[in-house]
Amino acid sequence: MVHFSRRLLQMAESETLAMARLSRELKAQGKDIINLSLGEPDFDTPDYIKQAAKDAIDQNYSHYTPVAGYDELLDAICLKLKRDNGLDFKRSQIMVSTGAKQCIANLVMACIDEGDEVIVPAPYWVSYREIIKMAGGKPVEVLAGIDQDFKVSPEQVEKAITSKTKMFMFSSPCNPTGSVYSYEELESIVNVLAKYPDITVVSDEIYELINFVGKHVSIGSFDQISDRTVTINGLSKAFAMTGWRLGYLAAPEPIAKACIKMQGQFTSATCSIAQRAAITALTNGPEKVSNMIAAFKKRNELTHQLLLEIPNIIVNNPQGAFYFFPDISYYIGKSFGNTKIQNSDDLSMYLIHEANVSTVPGSAFGAENYIRLSYATSEDAIVKAVERIKVALLNLK
Ligand code: PMP
Ligand code: GLU
């Protein structure tokens, strides 16, 4: 019999990827599934970035790269962080990796020991919890519901801090809620964190550019905590490059070095061609992708309008990313024939089987009574999908 590690057995499968897999399988069986589960832009990678990758192949960028990434890419990242975020970093503080996901994994594996606590505002992105657990750490979830626009208060953060707290990890714009912390909201949380110098602040800014309220604020730009903030970003979302696997992290030098050491054993480095393409993506600046951001904004407004027409769900007005996270608690406890909906997992399953729409249950993100809908799809698909969800919910008695 094959032996599996406790590490594996205690780990939940990524539910975003699991729901995406299920929709693919049902589609392959001929079902007309609309996929609102996976958080991935439906756009193709822009041509100017693809061209840079083609050139890199022709120029024989085919060898192992430095573990942290090519120097030119580290410079492009420093330039981007200064230009767009007002953050000062040098090469030795940057690590490029196979997506933001592995940046987070390297960081947590490098800095978290058995029993260490990591404060994670909930709803949080699925993988934070499992990566922290994999390192033996304890995710300390601080829940902010839709009544708080899914944003934790400074009081909640302070209450969760103990002598074992090593990290505070969050995303803004947030996956799964689309909420964006304002400057003032971040400042109030910084004022708490400033009192606890041993806490590393991890700011996942992968949705930075998909922000409908104006300029993105990096928590690392606050002086009080800038020397212990790790900023994480990547190309997957704003540049429609999920499959290229390129993310990066900017950190105090000892932390960057530790992450690079970890990566040297796990990965060596990410793909040389993706790195060359990333130099072009980042040196060119965000204006080049403004058409995609405008499309997301339009879809956000459309989805919002349509969701408001569904009776008895509660919807907020997310200001970034490409998700809605409606409160569906009214429908918990209701039934369709013999099927009783006991929780958000049941509701997601009901929707994929009865409405042919895939979603992700709130439980995956540490928040029961919600489901996540990704609107990174065409307007036609959004209209059809929300109508199907509405009909299916109204069938629950
Ligand atoms: N952080 C958040 C909040 C995400 O939604 C995702 C999903 N793509 C990631 C990190 C990981 O992104 P990637 O590994 O594709 O760069
Ligand atoms: N981050 C995306 C999501 O939340 C992609 C899937 C994943 O990496 O978990 O759907």
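Index from 1, following the sequence. First listed ligand is number 1; within each ligand, the first listed atom is number 1.
Scanning Ser14, Ala321, Ser236, Gly99 for the heavy atom closest to atom 15 (O) of ligand 1 points to Ser236.
Here the heavy atom of the protein found nearest to atom 11 (C) of ligand 1 is Trp125 CH2, 3.5 Å. The protein non-hydrogen atom at the shortest distance from atom 7 (C) of ligand 2 is Thr16 OG1, 3.5 Å. Of all protein heavy atoms, the one closest to atom 16 (O) of ligand 1 is Ala100 N, 2.6 Å.
Aromatic ring orientation, Tyr207 versus Phe322: perpendicular (interplanar angle above 60°, classes split at 30° and 60°). Using bins of under 30°, 30° to 60° and over 60° for the plane-to-plane angle, the ring pair Phe168/Phe170 lands in the tilted bin.
Every atom of ligand 1 is numbered from 1 in the order shown, and the set under 4.0 Å from a heavy atom of Ile206 is 1 (N), 2 (C), 3 (C), 4 (C), 12 (O), 16 (O). Residue Lys101 has at least one heavy-atom neighbour below 4.0 Å for each of these atoms of ligand 2: 7 (C), 8 (O), 9 (O). Every atom of ligand 1 with a heavy atom of Arg245 under 4.0 Å away is listed here by number and element: 13 (P), 14 (O), 15 (O). Each of the following atoms of ligand 1 lies closer than 4.0 Å to a heavy atom of Tyr207: 3 (C), 4 (C), 5 (O). Near Asn175, meaning under 4.0 Å from any of its heavy atoms, are these atoms of ligand 1: 3 (C), 4 (C), 5 (O). Which parts of ligand 2 touch Lys237 is read off a 4.0 Å heavy-atom cut-off, strictly below it: atoms 1 (N), 2 (C). Atoms of ligand 1 lying under 4.0 Å from any heavy atom of Asp204, numbered from 1 in the order shown and given with element: 1 (N), 2 (C), 3 (C), 10 (C).
Minimum heavy-atom separation, Thr177 to Pro318: O-CB, 3.3 Å.
Of the N or O atoms in Gly39, one or more lie within a sub-3.5 Å distance of an N or O in ligand 2. Checked against a 3.5 angstrom limit, the closest N/O atoms of Asn175 and ligand 2 fall inside it. Here's the thing with Lys101: one of its N/O atoms is less than 3.5 angstrom from an N/O atom of ligand 1. For a threshold of 3.5 Å applied to N or O pairs, the pair formed by Ser127 and ligand 2 contains no separation below that value.
Looking at heavy atoms from C-beta onward, Thr377 lies out of side-chain contact with Asn35 at the 4.5 angstrom threshold. When side chains are defined from C-beta on, Leu9 does not count as touching Ser5, because their heavy atoms never get closer than 4.5 Å.
In terms of modelled atom types and a separation under 3.5 Å, the side chain of Gln102 and the main chain of Ala105 share no donor-acceptor contact.
Using a 4.0 Å cut-off between heavy atoms, Val360 makes no contact with ligand 2 at all. Contacts between Arg372 and ligand 2, counted as non-hydrogen atom pairs separated by less than 4.0 Å, involve the side chain only. Looking at Thr242 against ligand 2, nothing comes within 4.0 Å, counting heavy atoms. Contacts of Gln102 with ligand 1, taken as heavy-atom pairs under 4.0 Å, are absent altogether.
The six-membered or imidazole ring of Phe222 lies near that of Tyr183, with a centre-to-centre distance under 6.0 Å. Between Tyr181 and Phe150, the gap from one ring centroid to the other reaches at least 6.0 Å. Taking the six-membered ring for Trp, Phe336 and Tyr350 have ring centres closer than 6.0 Å.
Under the 4.5 Å side-chain heavy-atom criterion for ILVMFWY residues, a single connected hydrophobic cluster contains both Val108 and Ile260. Both Val96 and Met241 are part of a single hydrophobic cluster, where members link through side-chain heavy atoms under 4.5 Å apart.
In this structure, Arg276 forms a cation-pi arrangement with Tyr61, its terminal cationic atom sitting closer than 6.0 Å to the ring centre and no more than 45° off the ring axis.
Using a non-hydrogen distance threshold of 4.0 Å, Lys237 registers as a contact of ligand 1.
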